[in-house]
K.L.:
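Could you have a look at this structure, given as structure tokens, before my questions?
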Amino acid sequence: MTASQVSRRFDVAYLTAKSMLRRVEALKREMPEMAMRLETQLRRLAAGSSQN
């Protein structure tokens with residue numbers, strides 16, 4: 001997902017979305033398994049919010 005997509009789907013400011021994505025990228029380097037679970041949950045939430 002891009003920062004623009006995250007911003008729209010989760011109704012947050014673009015810079016907030018960009019920061020969120022940077023933190024997930026950092027988490028991937030340090031704790032790849034946890035990052036994978038987090039991304040899965042975020043995708044589920046995003047899919048649910050787009051159906052509303």
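Model, not experiment: these values are computed from the prediction. Computed from heavy atoms alone, side chains included, the values below leave out hydrogens, waters and symmetry copies.
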K.L.:
For the NZ atom of Lys18 and the OG1 atom of Thr2, what is their distance to the nearest 0.5 Å?
P.N.:
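The distance works out to 11.5 Å.
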K.L.:
Rounded at 0.5 Å granularity, tell me how far CD in Glu39 sits from CG in Leu21.
P.N.:
9.0 Å
K.L.:
Applying side-chain contact (heavy atoms from CB on, under 4.5 Å), run through Glu33 and Arg37 and close with a yes or a no.
P.N.:
CA-CA 6 Å; Glu33 290 178 18; Arg37 290 193 306 266; 4.2 Å; yes
K.L.:
Determine the minimum heavy-atom distance between Tyr14 and Ser7, stating which atoms define it.
P.N.:
N-OG, 3.6 Å
K.L.:
Check for me, please, whether Leu38 and Leu45 land in the same ILVMFWY cluster - side-chain distances under 4.5 Å, paths through other members count.
P.N.:
yes
K.L.:
Would you call Glu25 and Lys28 a salt bridge, using N to O less than 4.0 angstrom?
P.N.:
yes
K.L.:
Taking atom OG of Ser4 and atom CZ of Arg9, what is their separation to the nearest 0.5 Å?
P.N.:
12.0 Å
K.L.:
Same cluster for Val24 and Met34 if Ile/Leu/Val/Met/Phe/Trp/Tyr side chains link at under 4.5 Å?
P.N.:
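Yes, it is one cluster - the side chains of Val24 and Met34 are joined through contacts under 4.5 Å.
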K.L.:
What is the distance from atom CG of Leu42 to atom CE of Met1, rounded to the nearest 0.5 Å?
P.N.:
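Output value for this atom pair is 8.0 Å.
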K.L.:
Which heavy-atom pair separates Ala17 from Ala3 by the least distance, and what is that distance?
P.N.:
CB-O, 3.3 Å
K.L.:
Sub-3.5 Å donor-acceptor pair from the side chain of Ser19 to the main-chain atoms of Leu15, do we have one?
P.N.:
no
